[in-house]
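A short write-up of the structure that comes next.
In what follows, residues are counted from 1 in the order of the sequence shown.
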Amino acid sequence: MQLNKFKLSSIIEWGTLVGTTLIVCFFLVVILLEIITKGAGSISWEFISSVPKEGMTKGGILTPIIGTVLITLITALFSIPFGVCCAIYLNEYAENNWLTRIIRAAIRNLSGVPSIIYGLFGLALFVQTLQLGTSLLAAGLTLGLLSLPYIITTTEEALMQIPNSTREAALAVGATKFETIKDVVIPSAVPGILTGVVLTLSRAAGETAPILFTGAAFYISDTNGYINQEFMALPYHLYMLSTQHQSIDEVRPIAYGTALILILVVFLLNLSAFYIRYKFRKNEN
């Protein structure tokens, strides 16, 4: 009787899991088909390599692409060193006491803060207090703050996967703690660290709310890359075309094309994360 009850419970749990997965995949496929069928016709080399013209009713998306690449680079330069160093300190040096536990809880709570809150904080800190103005630098630093909790968490999880016996073996042969971390622990944790970093940056590249207040512009016709000026980015460009443009019907093909390019960019970043992880695991084996 108990065995039959256990089997029934397992079947229900498995069926629920499969059912919910299929529902999510169904809606994902519907959305992707909608974007692909309506956006593929707009994709061309001219669309990718030309700047927006005539109030974004014509031309391409070169300026938003350049802005997205630059802001992602600034985000990476700001968040990766700080995030990785913080994770190394918390996992390798900090004592396991109440203060460390509070810090870890705070970092995990920051991961759940809505991105628009980071945008308002970036506006107050970088744009107004530090007087960076609405610029590429202010927006990149804001996205860097948003990315920090994710990079810290994923890096610390990767470090936790390294057995303590590995550290003890390095210390036993005369290596210092710093040498053990630098030459043994971090190289072993690189696959997990890189995966978390790339996935975090792919998320940051698709954010709209944080850059809405800190530097994203409605329309810029040139492709200058000055970090102290406003810029165009793919997610904000898509938002404006879809909701705020005065000729929404006229620019709808451009909006679908922009959405398809943004999805491809995020997909390639995620794919690179899985490839990096696979490559490192294959080399380890």
Next on the checklist: Less than 4.5 Å apart, side chain to side chain, heavy atoms only: is that true for L145 and F78?
Outcome noted: yes
Next on the checklist: Please evaluate residues T214 and L141 with respect to the criterion side-chain contact (heavy atoms from CB on, under 4.5 Å), reporting the C-alpha separation (whole Å), side-chain torsions for both, the decisive distance (0.1 Å), and the verdict.
Outcome noted: CA-CA 9 Å; T214 54; L141 293 176; over 6 Å; no
Item to check | T37 side chain to E34 backbone, donor-acceptor under 3.5 Å | outcome: yes
Checklist entry - Would you find more than 12 non-hydrogen atoms of other residues, nucleotides or ligands less than 6.0 Å from Y93 atom OH? => result yes
Next on the checklist: Using 0.5 Å steps for rounding, measure from the CD1 atom of I65 to the CG atom of L70.
Outcome noted: 12.0 Å
Checklist entry - Taking C-beta and beyond as the side chain, do I186 and V84 meet within less than 4.5 Å on heavy atoms? => result no
Checklist entry - Considering only heavy atoms from C-beta outward, does the side chain of P187 approach that of K182 to under 4.5 Å? => result no
Checklist entry - Any donor-acceptor pair under 3.5 Å linking the side chain of S42 with the backbone of P253? => result yes
Next on the checklist: Using every non-hydrogen atom in the two residues, find where P210 and L146 come nearest and quote the distance to one decimal.
Outcome noted: CG-CD1, 3.8 Å
Checklist entry - Does S202 reach the main-chain N or O of V266 with its side chain, forming a donor-acceptor pair under 3.5 Å? => result no
Next on the checklist: Quick check on the hydrophobic clustering: are L241 and I36 connected, directly or via other members, by side-chain heavy-atom contacts under 4.5 Å?
Outcome noted: yes
Next on the checklist: If you compare all heavy atoms of A205 against all heavy atoms of T72, which two are closest, and at what distance to 0.1 Å?
Outcome noted: CB-OG1, 3.8 Å
Checklist entry - Do P235 and T68 have side chains that get closer than 4.5 Å, going by heavy atoms? => result yes
Checklist entry - Would you say the side chains of S115 and E207 form a donor-acceptor pair under 3.5 Å? => result yes
Next on the checklist: Would you say that L159 contacts V185 through its side chain, given a criterion of any heavy-atom pair below 4.5 Å between the two side chains?
Outcome noted: yes
Next on the checklist: Taking atom CZ as the centre, does F121 end up with more than 12 heavy-atom neighbours from other residues, nucleotides or ligands that are less than 6.0 angstrom away?
Outcome noted: no
Next on the checklist: How long is the straight-line distance from CE of M232 back to CG of L62, given to the nearest 0.5 Å?
Outcome noted: 10.5 Å
Next on the checklist: If hydrophobic clusters are built from ILVMFWY residues whose side chains come within less than 4.5 Å, do F26 and V29 share one?
Outcome noted: no
Checklist entry - Is L234 linked to L260 within one hydrophobic cluster, defined over Ile, Leu, Val, Met, Phe, Trp and Tyr using a side-chain heavy-atom separation of less than 4.5 Å? => result yes
Checklist entry - After noting the C-alpha distance and the side-chain angles of I116 and F213, does the key distance pass the side-chain contact (heavy atoms from CB on, under 4.5 Å) rule? => result CA-CA 9 Å; I116 194 170; F213 304 102; 3.6 Å; yes
Checklist entry - In Å, rounded to the nearest 0.5 Å, how long is the span from CG of L199 to CG of L194? => result 10.5 Å
Next on the checklist: With a 3.5 Å distance limit and no angle check, can you tell me whether T258 reaches the backbone of I254 through a side-chain donor-acceptor pair?
Outcome noted: yes
Next on the checklist: Set out, in order, the CA-CA distance, both residues' side-chain angles and the distance that settles side-chain contact (heavy atoms from CB on, under 4.5 Å) for N228 and L132, then state yes or no.
Outcome noted: CA-CA 7 Å; N228 60 344; L132 297 178; over 6 Å; no
Checklist entry - For E179 and R167, what are the C-alpha separation, side-chain angles and deciding distance, and is it a salt bridge (charged side-chain N to carboxylate O under 4.0 Å, His left out)? => result CA-CA 10 Å; E179 291 173 337; R167 299 174 176 83; over 6 Å; no
Next on the checklist: Please say yes or no: joined through hydrophobic side-chain contacts below 4.5 Å, possibly via intermediate residues, are L130 and I71 part of one cluster?
Outcome noted: yes
Item to check | Hydrophobic cluster membership, W14 vs L22, 4.5 Å side-chain cutoff | outcome: yes
Checklist entry - Can you tell if the side chain of T166 reaches within under 4.5 Å of the side chain of V184, non-hydrogen atoms only? => result yes
Checklist entry - Closest heavy-atom contact between L201 and A76? => result CD1-CB, 3.8 Å
Checklist outcome for this item: In this structure, OH of Y236 is separated from OG1 of T208 (nearest 0.5 Å) by 9.5 Å
Item to check | Check: A87 main-chain N/O paired with N91 side-chain donor or acceptor under 3.5 Å | outcome: no
Checklist entry - Taking all atoms of both residues into account, what is the closest heavy-atom pair of I151 and S79, and its distance? => result CD1-OG, 3.4 Å
Checklist entry - Is T20 reaching over with its side chain to a backbone N or O of L17, donor-acceptor style, under 3.5 angstrom? => result yes
Next on the checklist: Tell me whether E92 contacts the main-chain N or O of Y89 through its side chain, where contact means a donor paired with an acceptor under 3.5 Å.
Outcome noted: no
Next on the checklist: Tell me the closest heavy-atom pair linking S111 and Y150, and the distance in Å.
Outcome noted: O-OH, 2.6 Å
Checklist entry - When rounded to the nearest 0.5 angstrom, what distance separates CG in N164 from CD in E168? => result 6.0 Å
Item to check | Stepwise side-chain contact (heavy atoms from CB on, under 4.5 Å) check, I261 with I48 | outcome: CA-CA 9 Å; I261 292 295; I48 296 174; 4.2 Å; yes
Next on the checklist: Between the side chains of E157 and R108, is the shortest nitrogen-to-carboxylate-oxygen separation below 4.0 Å, so that they form an ion pair?
Outcome noted: yes
Checklist entry - Quick one: CG on L238 to CD1 on I263, what's the gap to the nearest 0.5 Å? => result 9.0 Å
Checklist entry - Does a side-chain heavy-atom distance below 4.5 Å link T134 with Q229? => result no
Checklist outcome for this item: Between Y118 and L110 the two heavy atoms that sit nearest each other are OH-O, 2.8 Å
Next on the checklist: Within the structure provided, determine whether T176 and T180 are in side-chain contact (heavy-atom separation under 4.5 Å).
Outcome noted: no
